[in-house]
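Here's the structure we're looking at; comments come further down.
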Number of protein chains: 2
Amino acid sequence: MINQLDNTEDKVLHAARIVFQKKGYSGARMEEIANTAGVNKALLNYYYRSKEKLFRQVFEEAFSEFIPTVINILNGDLPLDMKIYRTVDVYTRMLLKNKDLPMFVLNEIRENPNKIEELLMTKKHLTFQKLEQQLYEEYEKGTIVETTVHTFLINLLSLIVYPYIVQPMMSRMFDIDDKKFEELMLERKNALPAMIIETFRPKN
Amino acid sequence: MINQLDNTEDKVLHAARIVFQKKGYSGARMEEIANTAGVNKALLNYYYRSKEKLFRQVFEEAFSEFIPTVINILNGDLPLDMKIYRTVDVYTRMLLKNKDLPMFVLNEIRENPNKIEELLMTKKHLTFQKLEQQLYEEYEKGTIVETTVHTFLINLLSLIVYPYIVQPMMSRMFDIDDKKFEELMLERKNALPAMIIETFRPKN
DNA sequence: GTCTATATAACGATAGAC
DNA sequence: GTCTATCGTTATATAGAC
C-alpha cells in the first residue's frame with residue numbers, strides 16, 4: 001500500500017514501477033499493481049489505457065536512468081581516473097536506491113528485444129570519441145595497456161553493476177539481508193575505482 | 001524446428017530450454033515450445049504433465065550448470081592463480097554455448113524466489129574454507145590486498161559473466177552480431193585472468 | 001473519478017478419436 | 001503416441017451505475 005501520494009495517477013505509476021521491476025512485463029499482473037497502489041483495478045485502464053502503455057512509461061523511465069548517466073560522464077571532459085570515480089559514485093548511489101533496475105532493464109531487452117527496438121535505436125552507434133582518445137593517451141603514457149572502449153565499458157560496468165544482478169541469489173545463499181548488502185556495497189564503493197583502473201594495468 | 005533429435009520427448013525438452021531461457025517462465029508459451037519442437041501442443045502435457053513440471057526440469061538443469069562448476073574449482077586444490085585461470089576457461093566455454101543461461105537463472109530467482117527456495121537452500125551456507133585460506137596466504141605474502149571471499153567471487157564472476165548479461169543490449173547499440181561477439185569473448189578470455197588478479201593488487 | 005459487473009481474449013490442460 | 005476439439009481458468013479491458 002502506498003498512501004503518501006495524493007493522486008491516484010501517481011499512486012498507480014509508483015506501484016507499477018515496483019511490480020514491473022520485480023516481476024517483469026509478463027510476470028506482472030494488473031491486479032497486483034492495483035492492490036499495491038491501493039486502488040481499484042479499473043482505474044489502471046482509466047489512467048493508462050492498457051498494461052502495455054503503463055509498462056512503456058515505467059520502462060522508458062528506467063532505461064533512461066540506467067544508460068544516459070554513464071554516457072554523460074564518459075563523454076565529458078574529466079581526466080580518466082576522475083571519470084571512473086564519478087561513474088562509481090553516481091551509479092552506486094542510484095543502484096542502492098533501486099536494486100532491481102539493472103535486472104529489469106536488461107531482462108526486458110532479452111525477453112522482447114523488438115518491442116524495445118526503437119528505444120535502443122535512439123542510442124545506436126553511440127560514439128565515445130573523447131573517451132577513446134583518453135584511453136589512447138594513457139596507453140602512450142604507459143599507465144594502462146592498449147584497450148578498446150568496449151572492454152573499458154564492460155570492465156567498468158561489470159564491477160559496478162554485477163553485485164545488484166546477483167543479489168537475489170547471493171543474499172539467500174550467504175544469508176545477506178538488505179542492510180548487510182548495503183553496507184557491503186558502500187565498502188565496495190571505496191575500493192572500486194582502484195580495482196577498475198587496475199584491470200588495465202600494464203604487465204610489469 | 002528441431003529435427004536432428006529422434007524422439008519427441010527430447011525434442012520438447014530441447015525446445016523448452018530455448019524458449020524458457022529466452023522468455024522466462026511467465027513469458028514463455030507452451031504453444032511456442034511446441035512449434036519450436038515441431039510437435040503438437042498436446043504432446044507437451046502428455047510427456048511432462050504441466051508447464052510447471054517442464055520448467056522445473058529446464059531450470060534445475062540450468063542452475064546446476066551455472067553454479068556448481070565454479071564451486072568445484074574454487075574448493076579444489078589448485079593454487080589461486082590457476083583457480084582463476086580454470087574458472088575463466090570453463091565458464092567462458094560454457095557461456096559461449098549458452099549465452100542466455102545467466103540471465104535466465106538470475107531472473108527467475110528475482111521474479112519468483114520462493115518457487116526456487118528449496119534449490120537455493122541446498123547451496124545455503126556454502127563455505128569456501130580452502131579459498132579463504134588461500135586469499136589470506138597470498139595477502140601475507142603481499143601478492144594481493146586483504147579481501148573477502150565475497151569480494152573475490154564478485155570480482156571474478158562479474159568480469160566473466162557480465163558481458164553475456166548485457167549482450168542483448170550491447171549488440172544492438174553497437175552493431176555486434178553473434179559472430180563478432182564470440183570473437184570478442186575469445187579475445188577477452190585471454191586477458192581475463194590477469195585483469196581479475198589485478199583487481200586485488202596491493203597499492204604500490 | 002471511482003466503483004461493480006461483465007465482455008473478450010489468451011493460455012494451459014484434458015477428452016476422446018485415430 | 002499423436003492428433004483435433006474443447007473445457008476451464010485467469011487476465012486484460014470495457015460498460016455503465018454512482
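In the text below, chain A, chain B and the rest are named by the order of the sequence lines, each starting its count at 1.
A salt bridge between Arg56(B) and Glu61(B) is absent, with no side-chain N of the basic residue lying under 4.0 Å from a carboxylate O of the acidic one. Taking 4.0 Å as the cut-off between side-chain N and carboxylate O, Asp100(A) and Arg110(B) do not count as a salt-bridged pair.
Among the protein residues, Tyr47(A) comes within range of the sugar-phosphate backbone only, with heavy atoms under 4.0 Å from sugar or phosphate atoms but none that close to a base. No engagement by Ala34(B) is indicated, since no non-hydrogen atom pair under 4.0 Å with the nucleic acid exists.
Taking only side-chain atoms of Lys51(A), from C-beta outward, the nucleotide of dT12(D), dT2(D), dA13(C) with the closest atom is dT12(D). Of the candidate nucleotides dC11(C), dT2(D), dT2(C), dT2(D) has the atom lying nearest to any side-chain atom of Leu43(B). Nearest nucleotide to the side chain of Arg29(A), out of dA13(D), dG1(D), dT12(D): dT12(D). Considering only side-chain atoms of Ala42(A), the nucleotide from dA15(D), dT14(C), dG1(C) that sits closest is dA15(D). Of the candidates dA13(D), dT14(C), dG12(C), the closest approach to any side-chain atom of Asn45(B) belongs to dT14(C). Among dT12(D), dA13(C), dT2(C), the nucleotide with an atom closest to any side-chain atom of Lys41(A) is dT12(D). Across dT2(D), dA13(C), dT2(C), the shortest atom-to-atom separation from the side chain of Thr8(B) is found for dT2(D).
Distance, Met30(A) CE to dA9(C) P: 17 Å, rounded to whole Å. One atom, CG of Leu44(A), and another, C1' of dC3(C), lie 13 Å apart when rounded to the nearest Å.
Judged by the 6.0 Å distance and 45° axis criteria, Lys115(A) is not positioned over the aromatic ring of Phe59(A).
Side-chain contact check for Gln129(B) and Gln133(B): no donor-acceptor pair (N or O, by modelled atom type) lies under 3.5 Å.
Checking the phosphate oxygens (OP1, OP2) of dT4(D), a side-chain nitrogen or oxygen of Asn40(B) falls inside 4.0 Å.
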